[in-house]
Amino acid sequence: MTKVTVYNGESFENAIRRFRKSVERAGILRDVKKHDIYEKPSEKRKRRLIAARKKEMKRQREEI
């Protein structure tokens with residue numbers, strides 16, 4: 001859980017900006033988006049295989 005303490009004399013905009021940065025660092029939005037839509041296990045496997053292929057191709061290009 002992300003918390004932000006608003007200090008005396010601090011503007012609301014600064015507190016919101018610090019809150020957004022802490023949420024981004026914690027990866028909360030990424031996690032929410034991932035769980036927003038149900039993904040079938042076969043689709044998840046397919047997505048991971050495609051990502052692995054891309055990563056391998058990139059690694060091979062960098063070796064040369």
Side-chain angles (χ1 to χ4, degrees):
M1 175 166 244
T2 303
K3 291 183 182 180
V4 172
T5 305
V6 180
Y7 302 109
N8 287 339
E10 183 181 24
S11 69
F12 180 73
E13 287 80 22
N14 284 344
I16 288 290
R17 189 175 305 122
R18 285 192 305 122
F19 177 74
R20 285 184 185 153
K21 281 194 175 218
S22 65
V23 166
E24 185 178 325
R25 280 191 215 114
I28 295 171
L29 287 179
R30 196 174 335 120
D31 191 44
V32 168
K33 286 180 183 179
K34 186 172 79 174
H35 293 321
D36 190 31
I37 300 171
Y38 177 74
E39 187 176 22
K40 294 182 353 186
S42 61
E43 291 173 347
K44 195 179 294 188
R45 200 175 316 114
K46 184 178 179 181
R47 181 175 46 82
R48 287 181 181 165
L49 282 172
I50 291 170
R53 282 189 203 128
K54 284 183 181 180
K55 188 174 180 180
E56 180 63 24
M57 292 293 288
K58 184 178 179 181
R59 190 184 64 76
Q60 287 178 356
R61 275 183 281 173
E62 290 174 354
E63 271 184 4
I64 297 174

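K58 has its side chain out of reach of K54: every pair of non-hydrogen atoms, C-beta onward, lies at least 4.5 Å apart. Side-chain contact between E13 and I16: absent, with no pair of heavy atoms (C-beta onward) separated by less than 4.5 Å.
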Under the side chain to side chain contact (heavy atoms under 4.5 Å, CB included) rule, what do K44 and R48 come out as? Steps first, then yes or no, please. CA-CA 6 Å; K44 195 179 294 188; R48 287 181 181 165; 3.7 Å; yes
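In this structure, R47 places its CZ atom where more than 12 heavy-atom neighbours from other residues, nucleotides or ligands lie under 6.0 Å away.
Between A15 and V4, the shortest heavy-atom distance links the atoms O-CG1, 3.9 Å.
Salt bridge status for E56 with R59: present, with a side-chain N to carboxylate O gap under 4.0 Å.
In the hydrophobic cluster analysis, where Ile, Leu, Val, Met, Phe, Trp and Tyr join through side-chain heavy atoms closer than 4.5 angstrom, V23 is grouped apart from F12.
Annotation: the span from K3 atom NZ to R18 atom CZ amounts to 14.0 Å, rounded to 0.5 Å. Taking CD1 of I28 as the start and CZ of R20 as the end, the distance is 14.0 Å to the nearest 0.5 Å.
Partners of E24 according to the side chain to side chain donor-acceptor pair (under 3.5 Å) rule, which considers only residues two or more places apart in sequence or in another chain, do not exist here.
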